[in-house]
Amino acid sequence: MQKIIITNINKISPTHRNEHEKYEFYRYEVTDNNDKYEAASPKEGNQTVTAFYTLPPGKSNCPFHYHMNNEEVFYIISGKGILETFDEIYKISSGDIIVFPVGKNGAHKITNSSETENLVYLDVDTNNTPDIAYYPHSNKVGIRAAGGIRDNYDMNSGVNYYDKE
């Protein structure tokens, strides 16, 4: 059974990811995003995923993408950045709230545009499973589902429906 969580960013130990030149972030996880995907059933786990992110100058936390089953909401706490969408590039800064709907209209990538200041934001997402995320710049698809399914595929290497049957 889920419980009420009362916390703040100063009480959470971050995880740091820096596996790619363009992407680096510190994630302060309020609710466990793996909880839903590791659960045996889609009805288990958190219904929302909540985390604080800190992006160092010039970095992004994830590639340009959109989800087919989950909405995301970002509230910019401090700093400034660039929000890339299919239609245009937006300047974002502290106090902005951004709502990303499901589908192509919600496609996004945030990059810290400062040379000296971190970009800090709160990320609150629905946590529906299964979810499919598309990465248009790299022609990948990510599949996330209960039972520990967290896989990414190159859409150029598709197989026939009956292959290996």
Side-chain angles (χ1 to χ4, degrees), residues 1-39 42-85 88-103 105-135 137 142-146 148-150 152:
M1 173 179 263
Q2 303 299 321
K3 297 179 182 179
I4 293 173
I5 299 171
I6 301 173
T7 193
N8 70 54
I9 195 170
N10 297 318
K11 294 180 179 179
I12 304 169
S13 297
T15 56
H16 178 229
R17 290 195 60 185
N18 187 15
E19 300 166 9
H20 190 282
E21 180 182 340
K22 297 177 188 177
Y23 303 98
E24 180 179 7
F25 64 86
Y26 295 86
R27 178 184 168 97
Y28 301 79
E29 206 167 81
V30 177
T31 58
D32 184 358
N33 77 327
N34 291 317
D35 183 50
K36 176 70 102 182
Y37 301 123
E38 297 304 322
K43 295 189 182 289
E44 295 179 30
N46 296 310
Q47 298 302 303
T48 60
V49 173
T50 307
F52 295 98
Y53 280 90
T54 297
L55 306 181
K59 301 293 184 172
S60 301
N61 74 324
C62 58
F64 184 71
H65 71 286
Y66 61 94
H67 296 268
M68 294 308 296
N69 203 19
N70 284 303
E71 295 179 338
E72 297 180 281
V73 177
F74 296 169
Y75 175 72
I76 309 302
I77 297 169
S78 63
K80 60 184 180 177
I82 300 296
L83 167 62
E84 175 186 353
T85 71
E88 61 185 284
I89 303 293
Y90 298 92
K91 291 182 180 181
I92 56 173
S93 61
S94 61
D96 288 344
I97 189 163
I98 310 155
V99 179
F100 302 103
V102 168
N105 288 339
H108 63 279
K109 176 183 175 181
I110 289 184
T111 303
N112 182 345
S113 59
S114 173
E115 294 181 12
T116 59
E117 184 181 4
N118 286 334
L119 174 64
V120 180
Y121 66 95
L122 176 66
D123 177 353
V124 180
D125 309 336
T126 57
N127 197 19
N128 299 310
T129 178
D131 187 29
I132 297 173
Y134 289 97
Y135 300 86
H137 293 334
I143 300 172
R144 310 290 184 261
I149 298 170
R150 296 179 64 88
N152 298 295

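What you see below is based on every heavy atom in this structure, not just the backbone, and it leaves out hydrogens, waters and symmetry mates.
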Among Tyr23, Tyr121, Tyr26, side chain to side chain donor-acceptor pair (under 3.5 Å) partner for Asn61
Tyr121
Got more than 12 heavy atoms from elsewhere within 6.0 Å of CD, Glu88?
yes
Ignoring hydrogens, what is the shortest heavy-atom contact between Thr111 and Ser60? Give both atom names and the distance.
OG1-OG, 2.5 Å
Side-chain donor/acceptor of Asp131 to backbone N/O of Asn69, under 3.5 Å:
yes
Closest non-hydrogen atom pair, Asn70 against Asn128
OD1-N, 2.5 Å
Between Glu72 and His108 the two heavy atoms that sit nearest each other are OE1-CE1, 2.7 Å
Any idea which heavy atoms bring Phe64 and Glu84 closest together, and the distance?
CE1-O, 3.6 Å
Which heavy atom in Ile82 sits nearest to a heavy atom in Lys91, and how many Å separate them?
CD1-CG, 4.2 Å
Thr54 versus Pro56, closest heavy-atom pair with distance:
O-CD, 3.8 Å
Determine whether Lys59 and Phe25 make a side-chain contact, defined as any pair of heavy atoms from C-beta on separated by less than 4.5 Å.
no
So do Asn112 and Pro57 actually touch side chain to side chain, heavy atoms under 4.5 Å?
yes
Decide yes or no for Ser113 and Lys80: does some side-chain heavy atom of the first lie under 4.5 Å from some side-chain heavy atom of the second?
yes
Compute the centroid of each ring, for Phe74 and then for Phe100, and state whether the two points are separated by less than 6.0 Å.
yes
Just wondering, do His137 and His65 contact through their side chains at under 4.5 Å, heavy atoms?
no
